[in-house]
Asks: 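One structure coming up, written as structure tokens, with questions to follow.
Note that this is a predicted model, so its numbers are computed, not measured.
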Amino acid sequence: MKLRCGVAGLGRGRLFVEWLNALPECEVVAVCDSNSRALDAFSGLKLYTDFEQFIWRSDLDIVAVITPGPEHAPQSLLAMEAGVHVISETPCVYSLEQAEAIVRTANQTGRKYMLAEDYIWMGWTLFLQDLRDRGILGELLFAESEYTHDCRGGMLYDSEGRHYPVSAWGTRPDLKPTWRASDLPPLFYCSHTLGPLLHLMDDRCVSAVGMNTGAQVAPEVCPTDMESGLLKTAKGKVIRLTNGFCIAHPFSFYLGLYGSRGSVRMVNLGGDKMTRFYTDDEADKGWQPMELPWEERPDGRHWMQVMLGEYVQAIINDTEPPLDPCRSMDVTVPGICAHLSAERGGELVEVPDFRTLS
Ligand SMILES: NC(=O)c1ccc[n+]([C@@H]2O[C@H](COP(=O)([O-])OP(=O)(O)OC[C@H]3O[C@@H](n4cnc5c(N)ncnc54)[C@H](O)[C@@H]3O)[C@@H](O)[C@H]2O)c1
């Protein structure tokens, strides 16, 4: 018998319907979106506009929580308390208290909870993992990553759910900032950068400092343009993260790994990708070009399909999911701590380890 799956939030969630249905062990039986028009494309399934009814009435084994960020933790808690396994999009929590509640509830209910941090399953992460394993970089000492892009084009929405640019602010009384504008401190969205770095470094963060620009680009709509955090790890290494969404450039992702014997620097400027590496073993060659895959995996499989497949196997075999609740918080909570630090003038904030919860 197939696992009964539900998907809440049918923006990106539409893809989760496809990805879950593509797994032989799963069948999507119900979907939920607070905007009833989003349900039109899913006739034949159980349809809900209310998350609580969706959870209590559709007899689910798994729910994919793909709603706006601030909804994730309350909805995940409700689902686990109702006996449903949860896979949540990023950011999975918005506070240290929510993080603790998620870990505690997953422990108490025995439900399998996981953050769907897909970057860890992408081809480039596997490639860098192989480089690390072959010792080409030596011991990793410092890492940095930036995830920045312009979301100004859709930071307002009207009563019908249509999106508008920040320049429309003040032109109509019904336009409101989206959650991405008003309720997403940039470093809360740190798991795409921190997830792969901690995976490659096999480490966790213990303390954070942060600084941000405040609101200078569209102050009426978005309270923080860009934010950076410096994180100290349990192994004594350092990580630098930068996120920003109210900023004047299209998608940009950067990652740097610095080891005792070599380094890698990779950048993706809206599809224009460049990677260079250096190793002491070939010092005479200086920085060398490297053919790095982006999302594509060497096994040819879609990274989301592999990630969801591993999560579902953890449910079937009653094992820990690949990103268990504590690891899901490891790649999320340091961003919250760095943001808290920025709000407190750059003071050092300790990153809690929820493994100590009884
Ligand atoms: N991993 C990635 O690469 C990636 C990419 C895009 C988005 N995301 C994440 O996926 C999530 C969804 O992103 P999106 O772009 O679809 O967001 P979105 O703001 O477009 O909205 C998602 C949907 O949720 C619905 N919704 C709002 N409140 C709800 C509620 N209380 N209950 C049920 N439905 C509700 C909305 O009507 C909308 O259809 C976000 O957390 C985002 O950060 C991740």
Asks: Looking only at the side chains, is there a donor atom on one of Ser263 and Arg265 sitting less than 3.5 Å from an acceptor on the other?
Replies: no
Asks: Would you say that Leu241 contacts Glu146 through its side chain, given a criterion of any heavy-atom pair below 4.5 Å between the two side chains?
Replies: no
Asks: Assess, by modelled atom type and distance only, whether the side chains of Gln98 and His72 contain a donor and an acceptor separated by less than 3.5 Å.
Replies: no
Asks: Would you mind checking if Asp61 and Arg4 are paired as a salt bridge, meaning a charged N to carboxylate O distance below 4.0 Å?
Replies: no
Asks: Using the benzene-type ring in the case of Trp, are the ring centres of His249 and Phe251 under 6.0 Å apart?
Replies: no
Asks: Just checking His339 against Phe188, ring centres under 6.0 Å apart?
Replies: yes
Asks: Should Lys2 and Glu27 count as an ion pair when the cut-off is N to O under 4.0 Å?
Replies: no
Asks: Would you check if Leu194 and Ile239 make a side-chain contact, meaning some heavy-atom pair closer than 4.5 Å?
Replies: yes
Asks: For Asp330 and Arg355, run salt bridge (charged side-chain N to carboxylate O under 4.0 Å, His left out): C-alpha distance rounded to whole Å, both residues' side-chain angles, the deciding distance at 0.1 Å, then the answer.
Replies: CA-CA 10 Å; Asp330 284 346; Arg355 289 166 187 81; 2.5 Å; yes
Asks: What orientation do Phe245 and His149 show, parallel under 30°, tilted 30 to 60°, or perpendicular over 60°?
Replies: perpendicular
Asks: Between Ser328 and Pro321, is any pair of side-chain heavy atoms under 4.5 Å apart?
Replies: no
Asks: Kindly indicate whether the side chain of Arg297, heavy atoms from C-beta on, has any atom under 4.5 Å from the side chain of Phe127.
Replies: no
Asks: What closest approach, in Å, do Leu156 and Pro165 show between heavy atoms, and which atom pair accounts for it?
Replies: CD1-O, 3.2 Å
Asks: Quick one, Val31 and Val28 - any side-chain contact, counting heavy atoms below 4.5 Å?
Replies: yes
Asks: Show your working on side-chain contact (heavy atoms from CB on, under 4.5 Å) between Asp40 and Arg37 and close with a plain yes or no.
Replies: CA-CA 6 Å; Asp40 290 347; Arg37 277 175 301 124; 4.2 Å; yes
Asks: Specify whether Tyr147 and Tyr119 have parallel, tilted or perpendicular ring planes, treating 30° as the upper limit for parallel and 60° as the lower limit for perpendicular.
Replies: perpendicular
Asks: For the pair Arg327 and Glu320, find out whether any cationic side-chain nitrogen is under 4.0 Å from an anionic carboxylate oxygen.
Replies: no
Asks: Apart from Trp287 itself, which Ile, Leu, Val, Met, Phe, Trp or Tyr residues share its cluster (side-chain heavy atoms under 4.5 Å, direct or through members)?
Replies: Tyr278
Asks: Side chain to side chain donor-acceptor pair (under 3.5 Å) for Gln313 and Glu25? Distances and angles first, verdict last.
Replies: CA-CA 9 Å; Gln313 284 307 314; Glu25 305 87 353; 3.0 Å; yes
Asks: Closest approach of Leu78 and Trp56, non-hydrogen atoms and distance?
Replies: CD2-NE1, 4.2 Å
Asks: Does atom CE of Met211 have more than 12 heavy-atom neighbours, drawn from other residues, nucleotides or ligands, at distances under 6.0 Å?
Replies: no
Asks: Has Thr279 got a side-chain atom pairing as donor or acceptor with Asp281's backbone, closer than 3.5 angstrom?
Replies: yes
Asks: Is there side-chain contact between Arg152 and Cys246, with heavy atoms separated by less than 4.5 Å?
Replies: yes
Asks: Quick one: which residue pairs count as a side chain to side chain donor-acceptor pair (under 3.5 Å) with a foot in residues 130-140, not counting sequence neighbours?
Replies: Asp130-Arg134, Glu139-Lys237
Asks: What verdict does the side-chain contact (heavy atoms from CB on, under 4.5 Å) test give for Leu137 and Leu140, after you've listed the backbone C-alpha separation in whole Å, the side-chain angles of each residue and the deciding distance to 0.1 Å?
Replies: CA-CA 7 Å; Leu137 306 177; Leu140 296 179; 3.9 Å; yes
Asks: Near Glu350 CD, under 6.0 Å, is it more than 12 heavy atoms from other residues, nucleotides or ligands?
Replies: no
Asks: Evaluate the criterion side chain to side chain donor-acceptor pair (under 3.5 Å) for residue pair Gln129 and His199; output intermediate values, then yes/no.
Replies: CA-CA 9 Å; Gln129 195 175 320; His199 176 73; 3.0 Å; yes
Asks: Under 6.0 Å between ring centres: does that hold for Trp124 and Phe253?
Replies: yes
Asks: Taking the basic N atoms (NZ, or NE/NH1/NH2) and the acidic carboxylate oxygens, is any pair closer than 4.0 Å for Asp158 and Lys176?
Replies: no
Asks: Got a donor-acceptor contact below 3.5 angstrom from the Asp225 side chain to the Gln216 backbone?
Replies: yes
Asks: Would you check if there is a donor-acceptor pair between the side chains of Gln75 and Thr67 at a distance under 3.5 Å?
Replies: yes
Asks: How far apart are the closest heavy atoms of Tyr94 and Leu184, and which atoms are they?
Replies: OH-CD1, 3.5 Å
Asks: Are Val29 and Val63 in one and the same hydrophobic cluster, where Ile, Leu, Val, Met, Phe, Trp and Tyr link if side-chain heavy atoms are under 4.5 Å apart?
Replies: yes
Asks: For Ser145 and Leu197, work out which heavy atoms get closest and say how close.
Replies: CB-CD1, 3.8 Å
Asks: Check for me, please, whether Val221 and Val217 land in the same ILVMFWY cluster - side-chain distances under 4.5 Å, paths through other members count.
Replies: no
Asks: Set out, in order, the CA-CA distance, both residues' side-chain angles and the distance that settles side-chain contact (heavy atoms from CB on, under 4.5 Å) for Val238 and Leu231, then state yes or no.
Replies: CA-CA 6 Å; Val238 175; Leu231 312 169; over 6 Å; no
Asks: Report whether Leu340 and Val93 are members of the same hydrophobic cluster (ILVMFWY, side-chain heavy atoms less than 4.5 Å apart, transitive linking).
Replies: yes
Asks: Charged N to carboxylate O under 4.0 angstrom, Arg111 versus Asp318?
Replies: no
Asks: Go through the side-chain N and O atoms of Gln305 and Trp121 and say whether any donor and acceptor fall under 3.5 Å apart.
Replies: no
Asks: If you look at every heavy atom in Cys190 and Val331, which pair is closest and at what distance?
Replies: SG-O, 3.5 Å
Asks: Under a plain distance cut-off of 3.5 Å, with no hydrogens placed, do Arg180 and Tyr189 share a side-chain donor-acceptor pair?
Replies: no
Asks: I'd like to know if Phe54 and Leu47 are part of one continuous hydrophobic network [Ile/Leu/Val/Met/Phe/Trp/Tyr, side-chain heavy atoms within less than 4.5 Å].
Replies: yes
Asks: To check you understand the geometry: which heavy-atom pair defines the closest contact between Cys32 and Leu10, and what is its length?
Replies: O-CG, 4.0 Å
Asks: So do Tyr48 and Lys46 actually touch side chain to side chain, heavy atoms under 4.5 Å?
Replies: yes
Asks: Is there side-chain contact between Met329 and Cys92, with heavy atoms separated by less than 4.5 Å?
Replies: yes
Asks: Going only through I, L, V, M, F, W and Y residues with side-chain contacts under 4.5 Å, is there a path from Leu141 to Val264?
Replies: no
Asks: Is the closest side-chain donor-acceptor distance between Ser191 and Thr90 under 3.5 Å?
Replies: yes
Asks: If you apply the rule side chain to side chain donor-acceptor pair (under 3.5 Å), what do you find for Ser228 with Thr242, and how did you get there?
Replies: CA-CA 4 Å; Ser228 277; Thr242 296; 2.7 Å; yes
Asks: For Glu52, does the CD atom have more than 12 heavy-atom neighbours from other residues, nucleotides or ligands under 6.0 Å away?
Replies: no
Asks: Taking the cut-offs as 6.0 angstrom to the six-membered ring centre and 45 degrees off its axis, would you call Arg172 and Tyr164 a cation-pi pair?
Replies: yes
